Protein chains: 2
Amino acid sequence: MGLTKTEIFTEEQNQMAALLKAMAHPARIAILQRILKSNTCICGDLVDELGLAQATISQHLKELKNAGIIQGTIEGVSVCYCIEPKMWKLLQNQLEGFFSSYKGEQNCC
Amino acid sequence: MGLTKTEIFTEEQNQMAALLKAMAHPARIAILQRILKSNTCICGDLVDELGLAQATISQHLKELKNAGIIQGTIEGVSVCYCIEPKMWKLLQNQLEGFFSSYKGEQNCC
DNA sequence: AATTTATATCGCAATATTACGATAGATAAT
DNA sequence: ATTATCTATCGTAATATTGCGATATAAATT
């Protein structure tokens with residue numbers, strides 16, 4: 001096997017898992033933190049600042065972009081990445097609902 | 001290759017990625033939702049309710065437990081799982097800080 | 001003690017991810 | 001037009017994940 005059985009889960013469960021998966025790598029967390037800090041981020045800066053090869057950074061950016069979390073705009077030779085606002089707020093709301101639905105440790109085992 | 005270069009990232013980045021990764025599967029989202037709903041959850045119930053084999057459910061539970069997100073208590077023959085409150089709140093706070101640090105779409109590309 | 005019930009672990013096959021060198025493509029500078 | 005610069009893609013090796021049957025373990029029941 002090796003492939004997730006997406007068909008037995010809800011659309012919501014699959015989407016949430018996909019978004020979390022896109023973020024679930026230290027390099028991609030670092031990329032997002034860097035974008036959040038200066039609101040914008042040239043791809044080449046990430047290659048200089050993180051300790052990964054250019055091809056690897058490009059691949060991580062692609063995953064974040066495919067998940068819809070960031071967007072890239074061509075600026076001459078370089079590419080400027082920033083947060084995709086709608087998806088960001090969607091995920092923020094979904095996670096907030098998810099985490100706040102925890103009722104505390106009563107009746108726990 | 002194939003192994004994440006954890007040594008070039010901060011402790012915080014690695015921990016956040018690890019926690020998100022533990023949640024980044026539809027089955028594990030479903031398991032957490034089930035636990036959140038009734039505050040508690042017997043392993044066997046998950047096997048009945050989700051459409052996955054017992055060995056697979058057990059493996060997913062192990063990953064959530066290893067990440068520290070849930071805890072399991074033996075209750076006779078069966079095992080009762082519930083949220084690990086401290087880790088839950090830690091992750092909730094970390095994510096809240098992370099998502100709310102987004103300053104909006106000004107100066108974006 | 002033997003049996004039933006519930007969960008964990010092992011071993012394996014299929015697939016996915018991570019990382020990077022090499023190379024391609026596209027715009028800017030000379 | 002040629003060269004330099006920046007990013008994306010291809011191909012590949014190493015490792016990780018997913019799913020499950022088979023089996024082990026451990027408590028409860030008979």
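Small disclaimer: the values here were computed from a predicted structure and weren't measured.
For C:dA19, neither phosphate oxygen OP1 nor OP2 lies less than 4.0 angstrom from any side-chain nitrogen or oxygen of A:Thr56. Close to C:dA6, at under 4.0 Å from its OP1 or OP2, lies no side-chain N or O of B:Ser78. The phosphate of D:dT17 (OP1 or OP2) has no side-chain N or O of B:His60 nearer than 4.0 angstrom. Put simply, B:Tyr81 has no side-chain N or O that comes within less than 4.0 Å of OP1 or OP2 on C:dA6.
Ring-plane geometry between B:His25 and A:Phe9 is classed as perpendicular, the angle between the planes exceeding 60 degrees on a 0 to 90 degree scale with a lower cut at 30.
What separates CD1 of A:Ile57 from C1' of C:dC20 is a distance of 12 Å, to the nearest Å. Rounded to whole Å, atom P of C:dA6 lies 14 Å from atom CD of B:Glu49. The distance from atom CD of A:Glu63 to atom C1' of D:dA8 is 14 Å, rounded to the nearest whole Å. B:Leu52 places its CG atom 14 Å from the C1' atom of D:dG21, with the value rounded to the nearest Å. Distance B:Gln71 CD to C:dT7 P: 17 Å, rounded to the nearest Å. Distance A:Asn66 CG to C:dT18 P: 13 Å, rounded to the nearest Å. Here D:dG19 presents its C1' atom at 11 Å from CZ of A:Phe9, a figure rounded to the nearest Å. The nearest whole Å value for the distance from the NZ atom in A:Lys62 to the C1' atom in C:dT18 is 14 Å.
Here the nucleotide nearest the side chain of A:Lys65, chosen from C:dA8, D:dA8, D:dC20, is D:dA8. Here the side chain of A:Val79 is nearest to one of D:dG19, C:dA19, D:dA8, namely D:dA8.
Residue-to-nucleotide proximity on DNA chain D shows that, of A:Ser58 and A:Thr6, the 5′-proximal contact is made by A:Ser58.
Heavy atoms of B:Ala55 sit under 4.0 angstrom from at least one base atom.
When the shell of 6.0 Å around NZ of A:Lys103 is examined, it contains more than 12 heavy atoms from other residues, nucleotides or ligands. Atom CD of B:Glu7 sits in a crowded spot, with more than 12 heavy atoms from other residues, nucleotides or ligands closer than 6.0 Å. Counting non-hydrogen atoms of neighbouring residues, nucleotides and ligands closer than 6.0 angstrom, the CD1 atom of B:Ile74 reaches no more than 12 such neighbours.
Put simply, the side chain of B:Gln59 and the base of C:dA8 share no donor and acceptor less than 3.5 Å apart.
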Identify each atom pair where a protein N or O and an N or O of nucleotides 23-27 of chain C are less than 3.5 Å apart, giving names and distance.
none

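Within residues 15-44 of chain A, the residues that place at least one heavy atom under 4.0 Å from DNA chain D are, in residue-number order, A:Ile42, A:Cys43, A:Gly44.
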Check the pair A:Ile69, A:Glu84 against side-chain contact (heavy atoms from CB on, under 4.5 Å), reporting the backbone distance first and the verdict last.
CA-CA 5 Å; A:Ile69 298 174; A:Glu84 212 296 297; 6.0 Å; no
